[in-house]
Amino acid sequence: MERTILLVDDEDDICSALSRLLRRDSYKILRAKNAREGLALLTEHEVGVVISDQRMSGMTGVEFLTQVRTLYPHTIRIILSGYADIEAVMSAINHGAIYKFFTKPWDNEVLRIEVLEAFRHHELVLEKEQLMEEIQAANHLLAEVNQEWVEAVAQRDLQIRHVSNYSALTDLPNRLMLLERLKQDMARAQRDDTLLAVVCINLDQFKQINDSFGHFSGDMLLQAVAQMLTQHARASDTVAHMGADEFCFLLPDIRSAQALADFAQRVIQSFKNAPILIGSSEVFANICIGIAIYPLDGVDADMLLRNADAALHHAKEDGQGGFQYYTPRMNDTAWQHLALETEMHRALERDEFVLQYQPRVSLATGKIAGMEALLCWQNTDRGLTVSGEFMPLLEKTGLILPVGAWAIDTACRQAALWQGAGLHPIQIAVNLSVMQLKDPGFAGTVKTILDRHCIDGKTAILELELTESLLMKDMDGMTRILGALREMGVRLSIDDFGSGYSCLSSLKYLPINSLKIAPSFVRHLPENRENLAILNAIVALGKGLGLNVIVDGVETAAQLACLRDTGCDEAQGFLFSRPVSESQMTRLLQGGEVSDLVMEE
């Protein structure tokens, strides 16, 4: 059966993005710009799933899908909505006009999974209807009900209810079933004057694991996580799979905050202590937990789930793999994030972004062999902020594209100034984001920048740093893009090597020049002999492939002494210099050397 999906949105970019995403799953895709066109297409085609924008001219998405429900009750209705439309959308869901909704921007993999589940639900409903028609025809012909048919129908109904209320992947209750049970548990908690906890759980780095090992392995991981979580549930508890890598506990009859904290710690520790076997590989699936308590943190189901999710978001931001209770301040933080996003949009216009430079030192000569250009934000109120604190927001808003281009342009302009001042041409490394490499015009942007500053590709002044996890996401596509950059004379380096999910056999196919070893392997030298052994192996690998090997994070003379015998080419870290301004870097370049430490025996 051909699966047909109708996309209704008055923004061509949104429709095009959805079309590209969903064509991967071989759906027949119809597109309409408004509700009127959508209704016309529905009269001409058998449509299984409709995805509509909420804000459209003439008729809103909710009004349109309400008509679709009346005219085509078996068509699954999904709406795309901004946060401002949540109340209207939730009301439509409660009245049955909408099956599911997604907020913009959406997560591609979650959207694909939910659309597939919607089609499965649609097909099961059609199967049920067809089966019921066959049974009625048989009743007319035979004038009696066959008991076996009755049992078959009952079993089919159970299957349909199961599919509607349980995750097809993990067989745990889904969001719909969780909401139903949450309302029941809230009623009992109110009657018995007890506490009820909603515990949201999310896997750390699931997308990275999914991209590195493949979707089949990602599914196996989610199934294993579901089994582990179920082991922590009492008979009265509910464990639900909310979709993608998010799970949720309902814990009725909570006696104390300490008991709830003990529960959260047990669950977290069980994942830290036990690796999950995915095929022949072991994976540690760390989790974060957000907790909301009825009636303290909300008196209706939606509010409790929303507040537990807010607590989960803060637990993830903390980055410690722990848990957080909901507090009203978290909603205030959401507004602070919005204010920060607004300031980010203005920062580029106000020239608030700056570059600082940290030298790389040759271990053979003690001279400056290169440098890394580090993006910073100089704000009047916030002071100087390093990129690690605002880079996720740049990527989330898409500002990474203009800001990233600015960083490359500024680094090249400064390199040209140094070269014009008679200083020896030196390599400047700039970090890249995955969004930049996915931009079809990125290679052209780099070419324009190099030409603007008259940088000859033969000098290989510009170096771009990429993380190994970024390279592993699309090996063929990355190889093509990196090859085009190499042809321009741009050097390419893998940053934080050894910290991600690399495929060593792929290194020989990548057009890279350098490996920069992650600081984590240097941090505990010389005491940690295991780290030294790994570092020696990485150096041997890099040298065997003819690559320049750089060690990052060198902070002590003892670490430097330990690194001398490894064969590393260059080192970078606070031992030589902290990140400095262009004027300070100019003085370092004029001196030629950062420290005599490198040359000491």
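Worth knowing before you read on, the calculation uses all heavy atoms, side chains too, and leaves out hydrogens, waters and symmetry mates.
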J.: Report yes if some heavy atom in the side chain of Ile517 is under 4.5 Å from a heavy atom in the side chain of Val539; otherwise report no.
T.: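 Counting from C-beta outward, Ile517 and Val539 do come under 4.5 Å.
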J.: Taking side chain as C-beta onward, heavy atoms only, is Val549 less than 4.5 Å from Ser514?
T.: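 The answer is no, as the side chains (C-beta and beyond) never meet within the 4.5 Å cut-off.
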J.: Evaluate the criterion side chain to side chain donor-acceptor pair (under 3.5 Å) for residue pair Ser433 and Glu395; output intermediate values, then yes/no.
T.: CA-CA 8 Å; Ser433 160; Glu395 293 180 338; 2.9 Å; yes
J.: Regarding Gln559 and Arg523, do their side chains bring together a donor and an acceptor under 3.5 Å, going by distance alone?
T.: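 The answer is no; no qualifying pair exists.
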J.: Is the shortest side-chain N to carboxylate O distance from Lys543 to Asp569 below 4.0 Å?
T.: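 The answer is yes: the pair qualifies as a salt bridge.
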J.: Please tell me if the side chains of Phe521 and Asn528 come closer than 4.5 Å, counting only heavy atoms from C-beta onward.
T.: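 No, side chains not in contact.
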J.: Quick check for you: to the nearest 0.5 Å, what is the distance between Leu222 atom CG and Leu203 atom CG?
T.: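 The CG atom of Leu222 sits 6.5 Å away from the CG atom of Leu203.
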J.: Could you tell me whether the side chain of Glu465 reaches within less than 4.5 Å of the side chain of Val430, counting heavy atoms only?
T.: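 No. Closest side-chain heavy atoms not under 4.5 Å.
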J.: Do Phe574 and Gln358 pass the side chain to side chain contact (heavy atoms under 4.5 Å, CB included) test, and can you show the C-alpha distance, the side-chain angles, and the key distance before you say yes or no?
T.: CA-CA 9 Å; Phe574 289 174; Gln358 187 173 35; 3.5 Å; yes
J.: Say you draw a straight line from CD of Gln436 to CD1 of Ile400; how long is it, rounded to the nearest 0.5 Å?
T.: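 Atom-to-atom, Gln436:CD and Ile400:CD1 are 5.0 Å apart.
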J.: With a 4.5 Å cut-off on side-chain heavy atoms, are Asn379 and Glu343 touching?
T.: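 In contact.
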J.: Roughly how far, to the nearest 0.5 Å, is the CG atom of Asp204 from the CG atom of Asp245?
T.: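 If we round to the nearest 0.5 Å, Asp245:CG and Asp204:CG are 9.0 Å apart.
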J.: Decide yes or no for Ile426 and Lys367: does some side-chain heavy atom of the first lie under 4.5 Å from some side-chain heavy atom of the second?
T.: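 Counting from C-beta outward, Ile426 and Lys367 never come under 4.5 Å.
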J.: Are the side chains of Leu363 and Glu570 in contact, using a 4.5 Å heavy-atom criterion?
T.: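 A side-chain contact is absent here, since even the closest heavy-atom pair is not under 4.5 Å.
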J.: Less than 3.5 Å apart, any donor N or O on the side chain of Gln584 or Ser581 sitting next to an acceptor on the other?
T.: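 There is such a pair (donor and acceptor under 3.5 Å, judged by atom type) between the side chains of Gln584 and Ser581.
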J.: Hey, is Asp409 close enough to Arg452 for a salt bridge, meaning N to O under 4.0 Å?
T.: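 The answer is yes: the pair qualifies as a salt bridge.
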J.: State, yes or no, whether a side-chain contact exists between Asp12 and Lys33 at a heavy-atom distance under 4.5 Å.
T.: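 Yes, side chains in contact.
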J.: Show the numbers, then the answer: is there a side chain to side chain contact (heavy atoms under 4.5 Å, CB included) between Leu401 and Trp406?
T.: CA-CA 9 Å; Leu401 296 181; Trp406 174 89; over 6 Å; no
J.: Using side chain to side chain contact (heavy atoms under 4.5 Å, CB included) as the criterion, point out the one residue from Asn108, Asp9, Leu111 that pairs with Leu18.
T.: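 The residue from Asn108, Asp9, Leu111 that satisfies side chain to side chain contact (heavy atoms under 4.5 Å, CB included) with Leu18 turns out to be Leu111.
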J.: Are Asn513 and Glu463 linked by a side-chain donor-acceptor pair shorter than 3.5 Å?
T.: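 Distance-only check fails for Asn513 and Glu463.
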J.: Heavy-atom count around Arg24 CZ within 6.0 Å, excluding the residue itself: above 12?
T.: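 Yes - once you tally the heavy atoms of other residues, nucleotides and ligands closer than 6.0 Å, there are more than 12.
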J.: Answer yes or no: is there an ion pair linking Glu109 with Arg112, defined by an N-O contact shorter than 4.0 Å?
T.: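 Between Arg112 and Glu109 there is a salt bridge, with a charged N closer than 4.0 Å to a carboxylate O.
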J.: Determine, step by step, whether Gln419 and Leu423 satisfy the side chain to side chain contact (heavy atoms under 4.5 Å, CB included) criterion, reporting the C-alpha distance in whole Å, the side-chain angles of both residues, the deciding distance to 0.1 Å, and the verdict.
T.: CA-CA 5 Å; Gln419 193 169 356; Leu423 295 174; over 6 Å; no
J.: List the atom of Asn531, the atom of Ser520, and the distance in Å for their closest heavy-atom pair.
T.: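 Looks like ND2-O, 3.2 Å.
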J.: About how many Å separate CG of Leu515 and CG of Asp496, when rounded to the nearest 0.5 Å?
T.: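 The CG atom of Leu515 is 12.0 Å from CG of Asp496, to the nearest 0.5 Å.
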J.: Please give me the minimum heavy-atom distance between Pro359 and Gln572, naming the atom from each residue.
T.: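 Minimum heavy-atom contact is O-CG, 3.6 Å.
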J.: Going by distance alone, is a donor N or O of one side chain under 3.5 Å from an acceptor N or O of the other, for Asn431 and Glu372?
T.: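 Yes, Glu372 and Asn431 have a side-chain donor paired with an acceptor closer than 3.5 Å.
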J.: Looking at Leu492 and Pro511, what are the two nearest heavy atoms and their distance?
T.: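 Scanning both residues, the minimum pair turns out to be CD1-O, 3.3 Å.
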J.: What's the verdict on side chain to side chain contact (heavy atoms under 4.5 Å, CB included) for Ile481 and Leu437, showing C-alpha distance, side-chain angles and the deciding distance?
T.: CA-CA 8 Å; Ile481 297 171; Leu437 281 181; 3.9 Å; yes
J.: How long is the span from the CG atom in Leu525 to the SG atom in Cys562, to the nearest 0.5 Å?
T.: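 Here the interatomic distance stands at 4.5 Å.
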J.: Give a yes or no on whether the backbone of Leu563 and the side-chain of Thr566 come within a donor-acceptor separation of less than 3.5 Å.
T.: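 Looks like yes, one N/O pair under 3.5 Å.
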J.: State the OG-CD1 distance between Ser19 and Ile5, to the nearest 0.5 angstrom.
T.: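 Answer rounded to 0.5 Å: 9.0 Å.
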J.: Can you confirm whether or not the ring centre of Tyr357 sits under 6.0 Å from the ring centre of Trp418?
T.: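 That pair passes the under 6.0 Å test.
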J.: How far apart are the closest heavy atoms of Val8 and Ala35, and which atoms are they?
T.: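 Minimum heavy-atom contact is CG1-N, 4.2 Å.
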J.: For residues Ala315 and Cys288, report the shortest heavy-atom separation together with the two atoms involved.
T.: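 Result for this residue pair: O-SG, 3.9 Å.
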J.: Which pair of non-hydrogen atoms, one from Ser57 and one from Asp10, has the smallest distance, and what is that distance?
T.: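 Closest approach of Ser57 to Asp10, heavy atoms only: N-OD2, 3.9 Å.
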J.: Tell me whether Lys447 is salt-bridged to Asp451, with the criterion being a basic N under 4.0 Å from an acidic carboxylate O.
T.: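 Yes.
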J.: Is a salt bridge present between Arg360 and Asp552, judged by a nitrogen-to-oxygen distance below 4.0 Å?
T.: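 No, this pair does not count.
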